[in-house]
Every structure is written in C-alpha cells, then in structure tokens.
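Index from 1, following the sequence.
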Amino acid sequence: MSVRRLGNQHTLPDNPQWLEFPRSDGSKATWPRNTEKVVDHEGQVNFMRTVGIDESLCIHWRKHVGTQVAKALGKPEGPNYVLKDWPTDYCMFDHNKGKESNPRHDPYLYGTTLAPKFRSANEFVPHAIWLFTDETLNKLNCECKYCSKKSQRLVSESFGLSQKRSVGSPTPSAVRSNKLRERQKKPQPLPKKKPYTAVRRALRAPKRVPGPKQVVVPERSNDVHQSLRKSDVFRPRLFRQDELIWCAINPPISSSSGVAESSIPFWPGIVEDLNLKAVPITMESASANGDSPAWKVQQWTIYKVKLLGCNHFCSVTDMEALPYLAYAPSEALLQGLRDELVHLASDMPLEEMEVDKLDQLYDFDPTGSNLVNDLSRYRKAVAPYTLAVQIASQIASYWTPTDEWDYKFTIPPSIPQPTPQAVPDQSQSLHTLISAAMASNAHQQPPPPPPQQSQLPYQPPDASGNSSLPPEELRSLQPDSFGQYAWPTSIPRTVTQLRYQGMWWGAERIWTDELVRLKMSREQFAPNGSAQVFPPSGPSSTTVQEDQNMFKDKMDDTRLLGARQKGLFMKLDGIFVVDAQGPDGTILKECRASGMLYELADDDWVEPSPPGITPDIKGKGKARDEGDVPSPVSATPAQDLVSQTTSQTVPSFGPNGQTGPEFMQGPSPLKPPPLPNPNPSVPTSETVADVLSQTTKVDTAAPQQDGIKDKSQVSRPVLSLTNDLPPPPEGFKFRSIVPDGNEVVVSVSLISGRYYPGLFEHPLLKNPLETALAAQRNQVPMIENRRLWALEGLMPGAFQSMDPSEWRPNRNLMFNEAIADAKQHFAQKWSEMKNTRVLIEQDHGVDADAEGDVDMEDLFGESASTAGR
C-alpha cells in the first residue's frame with residue numbers, strides 16, 4: 001500500500017479577512033470513536049488524530065474554502081479570506097493507518113449530519129457555501145456531492161474548482177513515475193553510427209496505431225443512448241443536465257388585454273437534476289386466467305428546473321417542456337411586457353424604485369396558484385420574466401468544448417514524385433515500337449494488393465469548394481480547414497491532436513456520436529454533386545403526384561421537391577482543434593467538427609443506377625450477382641487528415657469498361673489487352689504515338705490513403721459504442737451524401753443545434769404545427785414558418801439555430817456571467833426610468849404618466865427579442 005503523507009507547512013496570511021459561519025448542521029455524534037493510538041502486535045496503527053484549528057492542514061483547508069466562499073458571496077477581490085473556525089460541532093481528524101513509524105495520513109472533516117465526512121477541501125466548498133447562504137438549511141439547496149447526489153467531477157466543474165488533489169503530497173509511486181518521466185524527457189545521446197549491410201526485411205504493413213487511453217464520459221453515453229431509446233416502457237429523454245429549456249406554465253399568465261399571443265405560456269429555466277420515475281399501469285386486456293400480466297411498467301424522466309429571473313424551482317416532464325429553439329416570445333408578448341413595465345414604473349412610489357430593492361421585484365413564483373387576479377399575476381411577472389428572457393439570451397451566446405482527450409498519430413513522409421515516362425523516339429520502326437509496347441505492358445508495375453495486406457501511400461486531404469473558386473484559392477484554404485500539420489514532410493512526424501467528447505453550444509449540450517443540424521441547405525453543398533459528393537436526391541414519384549394534387553400549377557422544376565431545399569445533418573464523429581493561420585500570419589487555434597453528412601430524402605425515393613451499369617440480362621454473357629454490382633461512385637475522398645479515415649475499396653472501371661476484383665483498378669497486367677491495329681488514316685510519322693496512346697494506361701486518380709479501419713478509435717475514446725441514426729422525420733429517410741468511410745470537416749460555427757427525433761409529435765407543438773400545415777395547404781410559402789420546419793431539417797438549419805459567439809471555460813461561469821450581466825442591464829434601464837420620472841415630476845410638479853416619455857424599446861435589447869429564434 002502506498003504511503004500518503006501530509007502536505008507542506010501552511011501558515012496564515014498577513015492581515016487575514018475572517019469569515020465566520022452564521023449557522024451549522026453539525027453534531028458531535030458523527031465524530032469518530034477510535035481516537036486513541038493503539039499499536040498492535042505487528043506494529044500497525046489505525047486511529048483518528050484530532051487536528052487542531054491552527055495546524056498546517058487545517059490552515060490549508062480554511063484558506064482554500066474561505067477563498068471559494070468569498071467568491072460565492074461576491075466579496076471584493078484582494079483580501080485574503082480565511083475561515084475563522086469550523087462550523088459548530090465540526091472537527092478535522094487525521095486518519096493514521098499503517099506502520100507506526102511511517103503511517104498513511106488521510107485528512108477528514110467530520111460533523112455534518114447529512115454526509116459521513118468530507119474527504120477534501122473541494123468536497124466541503126459547496127457545503128460551506130450552502131451554510132453561509134441558506135437560512136432555511138434546506139438540503140435540496142445544497143450542491144455538494146452528498147446532498148445533490150452528483151459526482152465530484154461534475155460538482156468541481158460546476159464551481160470552477162481544480163480537479164487536482166488539494167491537500168497531501170503525492171504517493172511514492174507517483175513520485176517515482178514522475179522521476180521516470182523526467183528521465184525519459186531528457187535528451188539521450190545519439191548512438192554512434194556503425195557501418196551496416198544493405199540487407200533488410202521485406203516491407204510490411206505498419207502496426208495498428210493504439211487507441212487513446214481516455215474512456216468515454218458516462219454522461220455522454222447516458223445522454224445519447226437515452227435520447228434514442230424508445231419502447232412501450234421507456235420514453236426517450238429530450239433534455240440534459242444544465243441545458244436551457246422552456247417550461248410550460250399551467251395556466252399561462254394572461255395579460256390585461258386578454259389576447260392569447262401576449263400571455264406568458266413558457267418560462268425559461270436550467271435543468272438542475274433529472275430522475276427516472278416508474279409507474280405501474282393497469283392493462284385493460286389482461287386475461288382472466290392470469291396468462292398475461294394485469295399491469296405494465298412505464299418510465300419517464302422528471303426534471304428539476306431552476307427558473308431564471310426568480311428563486312423558484314419546478315418539476316416537469318418531457319411533455320411539459322420544449323427545447324430552447326422550439327419557442328420564442330411573440331412580438332405581441334414583448335410589446336405587452338414593455339407597456340406593462342412602463343405602467344409599473346409609473347405607479348410605483350419613487351422610494352421603492354431604488355436599485356437595491358430590485359430583488360423584491362424579482363420575488364415571484366411563476367408556477368404558484370395563490371394569485372387569483374390574473375392582472376395582478378401578470379404585473380408581478382413582468383419584471384422577473386423580462387430578466388429571465390435576458391439571462392436566457394445571454395446564456396445562448398456562450399459556448400465551450402468539453403471533456404478533452406489527446407490523440408497521437410504519425411504522419412508518414414511525403415511520396416516522391418514518379419519519374420516522368422520517357423517519350424518514345426518516333427523514328428523507330430513500327431515493329432520495334434509494337435514490341436516495346438508489348439514488353440512495357442507485360443512488365444507494368446503490378447497493382448497494389450488489398451489495403452489490409454500492404455501499406456498504401458499517404459496522401460494529404462483533399463478539399464472541395466465552390467466551383468467558382470480558382471484552384472489556387474481552394475488549395476490555400478485547405479490548411480485552415482484541416483490544420484497546418486496536415487501536409488507530410490520529408491520525415492515522419494508525430495502529432496498530438498486535442499479532441500473533445502462534447503461541447504456546450506448555446507442552450508444545448510451536444511455530444512459526439514449524435515446527429516446535429518447544420519446551417520447549410522443541401523443546395524449550398526455541392527448542388528450538382530462532385531467527385532467526393534453524391535448529387536442531391538430528387539423527389540419520389542409519390543411526392544410529385546401529391547404536389548400536383550395539392551397545387552393547381554405544376555412545378556416547373558421538380559428537383560426543388562427533393563432534398564435541395566432541405567437542411568443538412570452531420571453524424572458528429574469528432575470535435576477537435578486545428579492550427580489555422582490568422583490574417584497577420586500568426587497561428588490560431590480553431591475548432592472543427594467532422595463526420596458523415598446526411599440529407600433528407602423521400603422515404604420511397606430510389607437510388608438511381610450507377611452510370612455504365614446495364615440491367616442484368618441473363619443470356620449469352622455471364623450475369624452479375626446483385627452483391628457484385630460496383631458502387632456508383634469511385635472518387636478520391638475529401639477526407640479529414642487527422643482521423644485518417646479510409647474508405648472501403650470500391651470497384652473501379654477501366655478505360656474500356658472492364659472491371660476487376662476490388663484490389664485491381666483495371667485489367668490484369670499479366671494479361672494485357674491486345675494491341676489495336678494501326679489506323680490507316682494516321683500518317684506513318686504519327687502512328688507510334690497513336691498506338692501507344694491506346695495502350696499505355698494513364699492513371700490520373702490519386703492513390704487512396706492508408707489509415708485505421710476502426711474509425712471509432714480515432715474519433716472517440718476507447719470503450720465508446722457507436723449509435724445508430726435516430727428516426728428521421730415522418731415520410732423521409734437519412735441518406736449519406738459522401739462515400740462510406742469518408743467524413744466532412746466543417747467549422748463548428750456551421751452547427752445549428754441538436755436534432756430532436758419526433759419533436760413534431762410533442763403536444764406543446766400541436767397548435768403551431770397545425771397552423772403551419774393549414775398555411776401550407778393554402779399555398780402559403782414554407783418560408784413563412786421557416787423556424788418551425790428548420791427544427792426537423794425540412795428547411796436549412798440557419799433559419800432556427802444557435803449562434804454562440806463568446807467562449808467561456810465552463811458552464812457555471814456562463815450562468816454566473818449571464819445572470820450578472822442581465823441584472824446589471826435591467827438595473828441600468830430601471831434607473832433610467834426612475835430618473836426620467838423624477839425629471840418629469842419636477843417639470844410638471846405632479847405625478848405624470850411616463851408612458852409617453854419613457855422609452856422602453858431597448859429594455860429587452862435585440863438579444864432578448866430574438867430569444868429562442
């Protein structure tokens with residue numbers, strides 16, 4: 001067993017700022033009993049030693065916890081905050097265990113009645129903050145790992161605490177490993193060169209690159225799997241912890257106008273916790289003899305949501321909440337809030353409009369039913385709802401990648417360019433040249449064996465772009481897309497790439513290995529197809545017939561009914577950082593996303609036959625089995641270099657239409673095709689070149705890359721399981737638009753947000769969906785309801801997308817800054833209204849109606865008025 005010693009000596013800082021606990025949940029009954037040192041017959045000890053409040057270990061904890069408590073209380077920076085003492089009936093103990101001469105030391109803080117003990121200062125920080133801030137000592141308000149039932153990793157991340165051990169020194173094994181790593185890092189002298197023979201082993205395929213050591217984050221696996229799982233027992237889970245959502249208010253908070261559009265039907269909130277609830281349901285069809293059960297179990301998720309703009313929580317299910325992008329306050333609601341705020345500021349006494357009394361204005365429970373008067377309820381909700389919408393829009397502007405891991409890979413050296421083939425001397429005789437051509441064909445370099453049997457040459461990634469871009473400009477953009485390390489040099493290089501398992505993208509938590517919506521339409525991505533991209537799918541015959549029945553005028557271009565006008569989806573395989581060159585030549589870190597792209601094709605749309613393939617007619621020729629039909633595309637993939645994804649070898653067509661096995665890209669070189677007869681119309685001086693042009697193969701296709709077959713070990717940590725695609729919208733299917741084994745690399749800024757399977761079946765979207773369908777039946781363009789259709793990819797994701805622009809290191813900091821900025825903005829506007837009212841009353845000498853004088857138009861600001869859009 002490794003020996004753990006106490007850390008270095010810690011002393012109190014000069015002029016400490018003491019913090020005293022105002023309350024405690026402690027009890028001496030929780031203290032350990034074995035406090036007496038007893039040495040057994042083997043010289044071992046196992047006891048708890050009381051640690052004095054002024055000992056080094058206690059001082060270290062008190063300083064660390066005091067600093068974090070001061071931050072939570074909003075105290076000014078500068079002073080050295082230290083806990084003056086532990087909470088009442090708390091005490092620290094040092095667990096001594098092992099040999100008496102050199103025991104292991106483990107510090108523990110005992111006293112709380114809500115947990116066995118605190119094992120580190122970081123474990124105690126959230127509990128200490130709770131003791132300072134919660135007068136009711138309600139356990140549900142405590143965020144420590146024992147009260148909230150969360151892992152310490154999530155708690156530390158939420159409070160911005162270091163993940164490293166806060167006290168104690170490393171174990172001897174750790175010290176030895178550190179010293180070993182230091183010795184390994186020291187440059188070793190190069191061995192002296194010795195002469196050697198030119199005999200070597202035959203070249204073989206390189207060994208498979210080992211996968212990364214990091215494992216998948218449990219939250220990622222649970223979130224993705226539970227969003228896809230659907231059965232009679234379990235409903236798929238829509239939301240994830242710390243996501244921003246809209247909670248339904250039942251009944252809605254009605255305005256004085258009585259107009260439904262100006263009422264408050266939803267309130268923004270943060271998912272703080274989620275729990276699975278199981279309920280037995282009686283079966284009506286149960287058999288009398290007991291063969292089938294009389295009940296079944298149904299499970300769903302209950303979310304504990306912290307409502308923004310107030311100090312209240314609510315519990316909702318998936319059927320009582322919507323994703324942030326699925327709802328936006330109407331213009332009528334926003335205008336009604338502005339008008340009501342003006343009336344509120346006009347009627348309120350001036351002494352109650354002080355900024356320091358705004359917290360009283362925010363004291364409102366949106367889910368409470370104690371207010372009978374709807375108008376009174378609406379007026380009380382105006383200020384906190386305005387603040388809540390402002391906070392939500394601010395949170396939606398933040399983003400950050402999370403759960404990083406390192407992937408190391410080696411870039412092979414560049415391929416030497418082949419020597420140009422010598423131009424034949426046309427002065428030779430025809431017989432000599434034909435003999436030379438036959439000998440050349442017979443001794444052609446044999447084709448490469450299958451990828452699993454040899455090392456294929458490495459090629460840098462290819463990039464496709466707008467057809468109007470010059471090739472030089474397109475090539476200049478490739479380093480920014482794939483990274484500066486993407487191109488091989490004369491020697492092999494080992495590169496470490498920073499990858500992430502997920503990211504916070506505005507209001508949503510996005511993980512790799514799930515489907516996301518992109519901002520682009522299918523028509524904006526290779527609208528006519530390319531060497532690396534399949535052409536868009538057209539409409540099925542059923543779709544064309546339905547369109548003709550719905551509209552009197554037949555659409556001139558039926559291609560618009562296909563996938564062209566719809567959105568794009570990406571199966572997110574990787575989130576990583578590349579080195580891109582900035583405008584001033586400096587190297588910048590930019591985030592990229594990679595994966596397979598999908599379009600929405602009609603579910604009965606049939607993939608067209610590959611070009612050059614004739615129908616299978618059994619007759620004189622040998623018929624080809626269905627499984628042997630070559631793939632419709634054989635192209636050089638536009639691959640992500642970093643993941644080195646290799647497509648499966650697809651059959652290729654020879655210059656004369658011949659086909660061969662997978663590894664043979666043309667006729668066998670051991671049996672070359674017969675030489676053509678000389679063309680009598682060609683002059684003798686040009687006969688040689690004409691014959692050789694018909695017999696010499698010109699291979700213009702770039703060699704395929706070698707890489708790792710198991711792409712999952714590149715794009716995700718070990719122990720990760722790939723997930724199937726979620727169900728597509730009704731009437732459609734997901735169709736990949738690049739060949740299997742390839743992936744597309746895009747900037748993360750092109751991600752619109754999560755894809756929610758079956759969102760249009762949500763009961764809270766029933767009315768908006770019926771309104772949109774009725775408008776479409778009345779030949780109203782789909783663009784009028786673009787925000788709704790974009791949620792399912794029926795229109796480009798740009799019409800309803802997350803657009804975060806500000807990076808923050810963690811989610812907790814996003815929440816704190818959003819709340820602080822929104823409160824500051826509201827307080828500033830509130831103060832301006834008060835000052836304007838004071839000036840009006842001074843000019844008129846009476847209480848004036850501020851409605852015509854106070855401008856409330858910018859109270860929300862642009863970000864709030866577009867919340868959820």
Side-chain angles (χ1 to χ4, degrees), residues 4 6-8 10 13 16-17 19 21 56-83 86-87 90 92 106-109 111-112 114-134 139 141-170 174 214 217-220 241-242 270 272-273 306 395 398 400-405 500-504 509 807-820:
R4 182 181 172 193
L6 297 181
N8 299 327
H10 297 275
Q17 187 74 31
L19 298 177
F21 284 94
S56 172
L57 180 60
C58 276
I59 291 176
H60 177 64
W61 277 50
R62 290 163 57 198
K63 290 195 299 183
H64 178 70
V65 177
T67 301
Q68 299 300 325
V69 169
K71 289 182 180 179
L73 297 179
K75 293 185 175 294
E77 298 182 1
N80 297 312
Y81 296 97
V82 182
L83 297 180
W86 300 121
Y90 272 60
M92 176 168 282
D106 290 300
Y108 299 112
L109 182 63
T112 178
L114 302 178
K117 56 184 176 292
F118 295 104
R119 301 178 298 174
S120 68
N122 282 348
E123 282 191 4
F124 182 55
V125 164
H127 200 80
I129 294 174
W130 171 68
L131 292 175
F132 269 92
T133 57
D134 190 3
K139 176 184 176 181
N141 297 329
C142 181
E143 293 295 329
C144 76
K145 63 175 291 186
Y146 302 104
C147 295
S148 64
K149 308 300 182 183
K150 301 178 183 177
S151 67
Q152 185 58 37
R153 185 185 69 84
L154 292 178
V155 174
S156 297
E157 181 180 326
S158 175
F159 282 84
L161 303 175
S162 173
Q163 300 289 333
K164 299 179 181 179
R165 188 179 297 275
S166 59
V167 296
S169 62
Q214 297 88 340
V217 179
E219 291 80 9
R220 170 192 154 196
Q241 190 164 348
D242 287 338
I270 301 296
E272 287 221 342
D273 197 9
K306 171 65 173 65
I395 293 175
Y398 296 136
T400 185
T402 63
D403 304 290
E404 65 183 43
W405 58 284
Y500 299 90
Q501 298 188 47
M503 64 178 178
W504 286 111
R509 158 61 96 179
W807 174 86
R808 294 295 182 271
N810 58 71
R811 193 63 167 173
N812 186 63
L813 185 60
M814 296 179 189
F815 294 154
N816 293 338
E817 287 196 10
I819 294 172

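- Here the side chains of W807 and P401 are in contact, with some heavy-atom distance below 4.5 Å.
- The minimum heavy-atom distance linking A128 with V69 is given by the pair CB-CG2, 4.0 Å.
- V155 and C144 make their closest contact through CG2-C, 4.5 Å (heavy atoms, listed as atom of the first residue, atom of the second, distance).
- Taking every heavy atom of both residues into account, L83 and R62 meet most closely at O-NE, 2.8 Å.
- Applying the side chain to side chain contact (heavy atoms under 4.5 Å, CB included) rule to P13 yields the partners P16, K63, N80, V82; only residues at least two apart in sequence or on another chain are considered.
- Within the 4.5 Å cutoff, the side chain of W405 has heavy atoms near those of the Q501 side chain.
- Using a 4.5 Å cut-off on side-chain heavy atoms (C-beta onward), T112 and K117 make no contact.
- The distance from the CG atom of L73 to the OH atom of Y81 is 9.5 Å, given to the nearest 0.5 Å.
- Checking W504 against T400 by side-chain atom types alone, no donor-acceptor pair falls below 3.5 Å.
- Between F124 and W86, the closest heavy-atom pair is CE2-CZ3, 4.2 Å.
- Not a single side chain to side chain donor-acceptor pair (under 3.5 Å) links T67 to another residue, sequence neighbours left out.
- If you take OG1 on T402 and CG on N810, they are separated by 11.0 Å, rounding to the nearest 0.5 Å.
- In this view, A818 and I391, Q394, I395, Y398 satisfy the side chain to side chain contact (heavy atoms under 4.5 Å, CB included) rule, not counting sequence neighbours.
- Between D242 and K306 there is no salt bridge, since no side-chain nitrogen of the basic residue lies less than 4.0 Å from a carboxylate oxygen of the acidic one.
- The structure places CE of M503 at 12.5 Å from CG of D403, a figure rounded to the nearest 0.5 Å.
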Residues E157, R811; criterion salt bridge (charged side-chain N to carboxylate O under 4.0 Å, His left out); working and verdict
CA-CA 8 Å; E157 181 180 326; R811 193 63 167 173; over 6 Å; no
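- When all heavy atoms are compared, the tightest approach of R509 to G502 is NH1-C, 4.0 Å.
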Which is it for E123 and Y146 under the side-chain hydrogen bond (donor to acceptor under 3.5 Å, both in side chains) test, yes or no, and what are the steps along the way?
CA-CA 9 Å; E123 282 191 4; Y146 302 104; 2.8 Å; yes
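- Going from atom NE2 of H10 over to atom CD1 of I59 covers 9.0 Å, rounded to the nearest 0.5 Å.
- In this structure, the side chains of Y90 and L131 come closer than 4.5 Å at one or more pairs of heavy atoms.
- Between W61 and H64, a ring centre-to-centre spacing not shorter than 6.0 Å is recorded.
- For the atom pair I819 CD1 and M814 CE, the distance stands at 13.5 Å (nearest 0.5 Å).
- Checked against the 6.0 Å centroid threshold, Y108 and F118 do not count as a close aromatic pair.
- The distance from the OG atom of S158 to the CG atom of N816 is 8.5 Å, given to the nearest 0.5 Å.
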Under the criterion side chain to side chain contact (heavy atoms under 4.5 Å, CB included), I'd like the reasoning laid out for R119 against K145: C-alpha separation, chi angles, the key distance, then a yes or no.
CA-CA 11 Å; R119 301 178 298 174; K145 63 175 291 186; 3.2 Å; yes
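- Residues L57 and P107 approach most closely at CD2-CB, 3.3 Å, considering heavy atoms.
- Taking the charged nitrogens against the carboxylate oxygens, E272 and K150 have no contact shorter than 4.0 Å, which rules out a salt bridge.
- Two residues are said to be in side-chain contact when any heavy atoms from C-beta on lie closer than 4.5 Å; H127 and C142 meet this criterion.
- The side-chain heavy atoms of F159 and E143, taken from C-beta on, include a pair separated by under 4.5 Å.
- Under the 4.5 Å side-chain criterion, counting only non-hydrogen atoms from C-beta, L154 is in contact with E219.
- Counting heavy atoms of neighbouring residues, nucleotides and ligands inside a 6.0 Å radius, atom NZ of K139 exceeds 12 of them.
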